[in-house]
Amino acid sequence: MKVRTRFAPSPTGKVHIGNIRVAIYNWLFARHTGGEFVLRVEDTDIERSTPEAIHALFDTMEWLNLDVDGEPLYQTSRQQAHLDAAETLLEKGLAYKEDKGGTGQGECVIFRMPGTDVTFVDGIKGKMTKKAENMQDFVIVRSNGTPVFHLANVLDDIEQGITHVIRGDDHVENTFRHIALYEALGAEVPNFSHLPMIVNHQGKPYSKRDGDAFVGDYREKGFLPDALVNYLALLGWSPGDDREVMTREEMVEAFTLERCQSSAAQFDMKKLTWMNGEYMQKLPMDDFSAICFGELEKAGIDAEPEYAEKVFELVRERVRTVADIAPMVSYFFTDDYEYDEKAVSKKLQKDGVAETLAQVRAILEALPSFDMASTDKALHDFVEQSGLGFGAVMPPVRIAVSGTQSGPDLFPVLAVLGREQVLKRIDQAVARYLA
RNA sequence: GACCCCUUCGUCUAGUGGCCUAGGACUCCAGGUUUUCAUCCUGGCAACACGGGUUCGAGUCCCGUAGGGGUCGCCA
């Protein structure tokens with residue numbers, strides 16, 4: 001039988017990072033087995049399930065490039081079917097009506113647990129058993145006439161022909177009940193697998209109040225979708241060898257449920273950042289440039305394309321996230337850049353620096369050609385003749401022309417900036433800090 | 001509290017009884033790349049939760065203890 005997995009979130013506006021990881025695992029499993037991956041929108045919470053929230057869900061799926069088979073099923077469209085099924089269970093005596101009181105809303109429909117132990121083999125955790133006496137009957141239709149999650153979820157999984165339910169650990173207790181429901185409904189019980197949860201930096205479950213709990217947060221921070229998917233896939237799964245940076249194809253090829261971890265994993269922003277850097281390096285130059293131009297535009301920086309390309313080349317290998325780009329290159333596009341106060345006081349505002357910069361300026365101004373090799377040779381010669389040492393010459397120059405003490409190799413920076421700008425910037429820095 | 005589940009370096013993990021004096025990756029630290037650095041290279045620190053078994057032999061199997069998590073809604 002062809003495998004069918006699903007992602008069944010309730011659209012609440014933002015897609016939780018833990019939920020999307022579940023989606024990724026479902027997607028990987030379906031693709032690995034040559035099966036199908038479908039989407040179901042559990043939109044029964046009318047208040048929160050707005051068109052915007054549903055749009056955000058699709059947008060996230062698309063951004064992460066998790067392709068879905070067929071059209072999504074909207075749970076609200078299935079309400080009558082859910083109710084009909086409850087009626088059937090009632091007729092068969094597998095459910096009963098009762099006024100449980102308390103809220104005083106009248107009678108609800110309650111599913112009768114079969115009174116036998118429930119056992120299933122979890123694709124990740126192995127054999128799971130729950131004794132009959134530890135399970136209770138549960139409500140499947142509220143006294144206001146609306147179906148409860150358990151009923152709707154199971155019925156829709158049957159409707160969509162789901163063969164493998166891969167969901168979070170928090171559903172294991174539900175699974176025992178759901179299996180009883182499948183059986184009462186006369187439906188084939190699918191395979192169940194429960195993924196461990198991911199925890200935050202403090203080792204606690206990710207709550208919505210933690211920062212970085214939603215996919216959008218990572219997008220804003222400049223992570224690439226492929227890197228995020230790769231990182232999340234490895235958070236609780238491994239291919240069994242030492243591979244970490246993997247293409248989608250490689251992950252799909254290697255993915256199995258057996259290789260999924262059964263204990264919780266802690267999200268590590270540093271490792272994600274590293275991995276994202278790996279993906280940034282691998283980006284074709286054209287793609288990288290396109291991203292850079294986009295970032296410049298967002299930052300309100302006007303860039304002349306030919307010049308900008310040269311700048312991008314320079315910072316290419318140092319960029320870790322998309323968000324790094326604008327701050328890293330902004331000084332190339334304006335002479336009104338900020339000076340790092342610490343660098344200024346530590347390296348620029350020191351005895352002799354004014355004199356050194358004056359000499360360097362004179363040398364650079366007199367150079368017949370301002371290319372990389374020329375400035376390189378000229379400054380090396382100067383260092384040697386003056387006996388000052390590189391540490392006393394290069395950092396002040398760098399800070400003067402860029403405002404910071406870190407960045408790409410200095411000579412290419414000077415070359416890209418051009419003589420006019422370099423001289424102007426040295427004058428500007430001297431006037432500002434050494435006058 | 002009851003019921004389910006989990007436990008290898010700080011973190012993600014490899015490991016399915018001998019190949020483990022436990023491997024890789026991230027982080028961190030040190031050195032190098034005769035200037036900086038968020039790049040690159042080299043090296044280093046660092047773990048089988050604990051206690052009992054089983055076995056010639058246990059990170060790997062069993063039991064217990066401790067710690068952690070999940071669930072106990074007419075939420076999903």
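To find a chain, count down the sequence lines: A is the first, B the second, and so on, and within it residues start at 1.
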Whole-angstrom distance between [N] and [M], as gauged at atom [atom1]:
| N | M | atom1 | result |
| --- | --- | --- | --- |
| rA49(B) | rG59(B) | C1' | 12 Å |
| rG15(B) | rU36(B) | C1' | 43 Å |
| rU65(B) | rC28(B) | P | 41 Å |
| rG70(B) | rA76(B) | C1' | 15 Å |
| rU42(B) | rC26(B) | P | 11 Å |
| rG67(B) | rA22(B) | C1' | 23 Å |
| rU8(B) | rU13(B) | C1' | 9 Å |
| rG51(B) | rA58(B) | C1' | 15 Å |

Below 4.0 Å: OP1/OP2 of [N] and any side-chain N or O of [X]:
| X | N | answer |
| --- | --- | --- |
| K204(A) | rG69(B) | yes |
| S406(A) | rU36(B) | no |
| R320(A) | rU39(B) | yes |
| R142(A) | rA76(B) | yes |

Starting at atom [atom1] of [X], determine the distance to atom [atom2] of [N], rounded to an integer number of angstrom.
| X | N | atom1 | atom2 | result |
| --- | --- | --- | --- | --- |
| L57(A) | rA76(B) | CG | C1' | 15 Å |
| E244(A) | rA25(B) | CD | C1' | 4 Å |
| Q261(A) | rC6(B) | CD | C1' | 10 Å |
| M197(A) | rA76(B) | CE | C1' | 13 Å |
| E278(A) | rC40(B) | CD | P | 7 Å |
| D376(A) | rU34(B) | CG | P | 11 Å |
| L410(A) | rU33(B) | CG | C1' | 17 Å |
| K271(A) | rU13(B) | NZ | P | 9 Å |

What does [X] touch in the nucleic acid at a heavy-atom separation under 4.0 angstrom: a base, only the sugar-phosphate, or nothing?
| X | result |
| --- | --- |
| H201(A) | nothing |
| Q405(A) | base |
| S263(A) | sugar-phosphate |
| R259(A) | sugar-phosphate |
| D241(A) | nothing |
| M128(A) | sugar-phosphate |
| R398(A) | base |
| G236(A) | sugar-phosphate |
| H194(A) | nothing |
| T273(A) | nothing |
| P205(A) | sugar-phosphate |
| D45(A) | nothing |

- Message: Closest-nucleotide mapping onto RNA chain B: is H150(A) or V199(A) further toward the 5' terminus? I mean the 5' end.
- Response: V199(A)
- Task: Would you mind telling me which residue lines up with the more 5' stretch of RNA chain B, L235(A) or M328(A), judged by nearest nucleotide?
- Result: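 Its nearest nucleotide being more 5', the pick is L235(A).
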Looking at [options], which one has an atom nearest to any side-chain atom of [X]?
| X | options | answer |
| --- | --- | --- |
| W274(A) | rU35(B), rA76(B), rU27(B) | rU27(B) |
| H171(A) | rU35(B), rC4(B), rA76(B) | rA76(B) |
| S262(A) | rU13(B), rC6(B), rC74(B) | rC6(B) |
| F411(A) | rG23(B), rC74(B), rU35(B) | rU35(B) |
| D170(A) | rA76(B), rG70(B), rC12(B) | rG70(B) |
| F149(A) | rA25(B), rA76(B), rC74(B) | rA76(B) |
| F176(A) | rC12(B), rC4(B), rU35(B) | rC4(B) |
| N134(A) | rA2(B), rA76(B), rU11(B) | rA2(B) |

NZ or CZ of [X] within 45° of [Y] ring axis and under 6.0 Å:
| X | Y | value |
| --- | --- | --- |
| R219(A) | F223(A) | no |
| R248(A) | W27(A) | yes |
| R177(A) | F138(A) | yes |

- Message: Quick test of your reading of the model: are R425(A) and D335(A) salt-bridged, counting only N-O distances below 4.0 Å?
- Response: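 Here R425(A) does not pair with D335(A) in a salt bridge, since their nearest N and O are not under 4.0 Å apart.
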- Message: Out of the candidates D212(A), T321(A), N276(A), D324(A), only one should pair with K221(A) under the side-chain hydrogen bond (donor to acceptor under 3.5 Å, both in side chains) rule; please name it.
- Response: D212(A)
Strictly by Watson-Crick or wobble contacts shorter than 3.5 Å, is anything paired with [N], and which nucleotide is it?
| N | result |
| --- | --- |
| rU7(B) | rA66(B) |
| rU35(B) | none |
| rC28(B) | rG44(B) |
| rC61(B) | rG53(B) |
| rG1(B) | rC72(B) |

- For E107(A), does the CD atom have more than 12 heavy-atom neighbours from other residues, nucleotides or ligands under 6.0 Å away?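 More than 12 within 6.0 Å, yes.
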Does a side chain donor of either [X] or [Y] reach within less than 3.5 Å of an acceptor in the other side chain?
| X | Y | result |
| --- | --- | --- |
| Y279(A) | N230(A) | yes |
| D340(A) | Q405(A) | no |
| Q160(A) | D156(A) | no |
| R142(A) | T146(A) | yes |

